[in-house]
Amino acid sequence: MIKKIRNKLSVYLKENAMVPSQAHYEESASSTQSSLVICAGLAVLVFVLYYRIAYAFCTADGLQDMKAHAEFALNFYLNPKVFFQTWLRVPHMLWHLIVKFFQSRAHMPLEAAASFTFAWFGVFSFAVTVWFLYGLLMAYTGQKKLAWASLGSASLSFVGPLIMEWFSDGYMGQFTPNPMHNPTHMATKGFGLLTMMAGIDIIRKYRGQETVFFKGRRLYLYFGLFSFCSALAKPTFMYMLLPAGVIIILLDFLEGARKKTLSLKVVWDAAWKLAVATLPTCAYILTEYVALFFFGKEQGISVVLTKPLEVWHFFSLNVPKSILLGMFFPIWMLLTNPGYFYKTTEGRLGILGYLTGVLEFSVLAESGSRKDAGNFAWCMMAGMTIFFAVSVCRLMLSTMQKKRGAGHAAYVIFSWFLLFLHVYSGLSLYNVFAGIL
């Protein structure tokens with residue numbers, strides 16, 4: 001019995017070490033029309049639920065992020081002096097400008113304008129995630145899987161920390177890829193994923209692989225444009241993604257220096273082009289920092305190094321529980337598919353992005369009374385976003401593989417169960433079922 005289990009485990013680890021394109025997948029013929037209908041229907045569902053959640057925040061008693069940002073959007077006027085004074089308070093103002101447009105030009109009530117804008121950013125993020133999953137599934141299986149990509153994207157639009165009051169104090173200290181109370185974080189998600197997709201194609205290209213998402217010679221232009229838009233919406237996604245990308249480039253430099261499978265010249269050529277493409281984003285982020293901390297509302301405050309986990313403990317007494325309940329599904333996928341996360345570009349970016357975000361939240365904070373705001377948690381939640389997305393891709397690839405017996409079927413069922421449990425928890429966190437059940 002033990003020998004049989006050992007042999008099966010050995011076979012599984014051997015297959016896990018292969019890149020996904022080497023696996024065999026079941027052929028499936030789903031019509032383009034039905035896939036488009038499924039994608040459109042799920043997009044409507046995302047829009048409606050995002051609108052409902054945002055409107056509930058905007059009309060709730062008391063001041064919180066959604067309502068505060070909506071009211072602040074009213075301060076953006078075309079008068080240059082007034083606009084500049086408002087920008088000094090919130091330089092990441094993409095969401096606010098769109099809310100202001102709908103409120104002033106379309107004559108929508110403020111609550112409706114804020115909810116409408118929030119919902120469309122949700123649909124935008126949904127569409128980008130569909131493209132991300134569809135491109136990877138097409139690259140690895142050779143099949144068009146729009147319905148699968150739409151299902152995965154819709155799930156990722158609502159995943160949240162697991163509900164286990166008996167294991168922890170409700171949601172205390174648990175973080176989510178979808179903090180829907182904060183519109184600026186939700187506005188930057190789509191642009192952040194687009195930046196990651198352009199980065200994946202750049203890395204694949206200098207590794208001699210086919211690009212997945214973008215064609216032609218404009219990869220660096222796309223990377224720079226999307227990263228700038230992400231910083232304009234909220235800089236924290238780039239705080240996480242850019243350092244994670246630098247780590248991957250440095251690892252490839254080491255591989256190139258050893259002259260194994262990469263040319264050092266090829267890596268260097270991509271590295272300096274990426275650096276140039278990122279300059280506008282870095283310049284804007286630096287300008288934001290100076291504006292907020294030297295001239296804007298955060299005068300006298302600075303970014304400081306803290307004791308490890310000091311800020312995290314403001315939110316949770318038990319950090320391992322906080323991580324486990326927020327990241328149970330991706331951690332499960334990492335433990336059961338280490339080969340995928342080690343060998344693929346998106347797998348490496350997913351795990352390194354999350355670890356970078358965790359490190360930033362663990363040791364960085366703002367000084368003074370702003371320390372307990374824990375604003376570097378947004379970097380970690382950006383990392384959670386890409387780790388979840390890559391994990392869902394791995395799950396769909398596992399599901400599409402040709403059947404390998406009851407054990408594989410049980411693994412797939414349990415993994416989907418975990419993912420949907422995160423979805424249910426996320427919807428419950430924002431009381432989506434309150435008017436239904």
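Along the sequence shown, residues carry numbers from 1. Keep in mind that the numbers below use all heavy atoms, side chains included, and drop hydrogens, waters and symmetry copies.
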Taking the side chain from [X] and the backbone from [Y], do they hold a donor-acceptor pair closer than 3.5 Å?
{"X": "Arg204", "Y": "Glu210", "result": "yes"}
{"X": "Ser362", "Y": "Pro308", "result": "no"}
{"X": "Ser153", "Y": "Ala149", "result": "no"}
{"X": "Asn337", "Y": "Tyr340", "result": "no"}
{"X": "Asp201", "Y": "Val212", "result": "yes"}
{"X": "His422", "Y": "Phe329", "result": "yes"}
{"X": "Glu346", "Y": "Ile200", "result": "no"}
{"X": "Asn178", "Y": "Gly160", "result": "no"}
{"X": "Lys144", "Y": "Met138", "result": "no"}
{"X": "Thr86", "Y": "Asn75", "result": "yes"}

I need the minimum non-hydrogen distance between [X] and [Y], along with the two atoms involved.
{"X": "Lys145", "Y": "Leu137", "value": "CB-CD1, 3.8 Å"}
{"X": "Ser157", "Y": "Val46", "value": "OG-CG2, 4.0 Å"}
{"X": "Ile38", "Y": "Ala147", "value": "CD1-CB, 3.9 Å"}
{"X": "Glu360", "Y": "Cys379", "value": "OE1-CB, 3.1 Å"}

Next on the checklist: So if I apply the ring-ring contact (aromatic ring centres under 6.0 Å, His included) rule between Phe76 and each of Phe84, Trp87, Trp95, Phe83, which one comes out positive?
Outcome noted: Phe83
Checklist entry - Trp332 pairs by ring-ring contact (aromatic ring centres under 6.0 Å, His included) with which of Phe417, Trp416, Phe414? => result Phe414
Item to check | Whether Phe175 and Phe361 hold their rings parallel, tilted or perpendicular, with breakpoints at 30° and 60° | outcome: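 The arrangement is perpendicular - the two ring planes meet at more than 60°.
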Checklist entry - Between Phe387 and Tyr354, how do the two ring planes meet: parallel, tilted or perpendicular, split at 30° and 60°? => result tilted
For residues 112-136, dump all side-chain donor-acceptor pairs below 3.5 Å to protein atoms at least two apart in sequence or in another chain.
residue	atom	partner	partner atom	Å
Ser115	OG	Tyr55	N	3.2
Ser115	OG	Glu111	O	2.8
Thr117	OG1	Ala113	O	2.8
Thr129	OG1	Ser125	O	2.8

Checklist entry - Would Arg348 count as a cation-pi partner of Tyr342, with NZ or CZ less than 6.0 Å from the six-membered ring centre and within 45° of the ring normal? => result yes
State plainly whether the residues [X] and [Y] are in salt-bridge range, i.e. N to O under 4.0 Å.
{"X": "Lys273", "Y": "Asp269", "value": "yes"}
{"X": "Glu310", "Y": "Lys371", "value": "yes"}
{"X": "Arg207", "Y": "Asp252", "value": "yes"}

Gap separating the [atom1] atom of [X] from the [atom2] atom of [Y], nearest 0.5 angstrom:
{"X": "Met381", "Y": "Met186", "atom1": "CE", "atom2": "CE", "value": "10.5 Å"}
{"X": "Met180", "Y": "Arg52", "atom1": "CE", "atom2": "CZ", "value": "12.5 Å"}
{"X": "Leu419", "Y": "Met396", "atom1": "CG", "atom2": "CE", "value": "9.5 Å"}

Item to check | Check against side-chain hydrogen bond (donor to acceptor under 3.5 Å, both in side chains), Ser263 and Trp268 | outcome: CA-CA 9 Å; Ser263 164; Trp268 168 251; over 6 Å; no
Checklist entry - For the residue pair Phe228 and Tyr284, is the inter-centroid distance of their aromatic rings smaller than 6.0 Å? => result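 Judged by ring-centre distance (under 6.0 Å), Phe228 and Tyr284 do meet the cut-off.
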Next on the checklist: Please confirm whether the ring centroid of Phe214 lies under 6.0 Å from the ring centroid of Tyr222.
Outcome noted: yes
Checklist entry - Just wondering, more than 12 heavy atoms not from Lys215 lying within 6.0 Å of its NZ? => result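 Atom NZ in Lys215 is packed in, count exceeds 12.
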Item to check | Neighbour count above 12 (heavy atom, 6.0 Å) for Leu317 CG | outcome: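 Atom CG in Leu317 is not packed in, count stays at 12 or less.
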Next on the checklist: Under the criterion side-chain hydrogen bond (donor to acceptor under 3.5 Å, both in side chains), I'd like the reasoning laid out for Ser398 against Tyr411: C-alpha separation, chi angles, the key distance, then a yes or no.
Outcome noted: CA-CA 9 Å; Ser398 297; Tyr411 167 77; 4.8 Å; no
Item to check | Short side-chain donor-acceptor distance under 3.5 Å, Thr188 and Ser230 | outcome: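 Short answer, yes.
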Next on the checklist: side-chain hydrogen bond (donor to acceptor under 3.5 Å, both in side chains) for Ser322 and Ser316? Distances and angles first, verdict last.
Outcome noted: CA-CA 7 Å; Ser322 173; Ser316 174; 4.6 Å; no
Next on the checklist: Let's go through Asn182 and Lys234 carefully: what are the C-alpha distance in whole Å and the side-chain angles of both, what is the deciding distance for side-chain hydrogen bond (donor to acceptor under 3.5 Å, both in side chains) to 0.1 Å, and is it a yes or a no?
Outcome noted: CA-CA 11 Å; Asn182 186 271; Lys234 191 165 192 167; 3.0 Å; yes
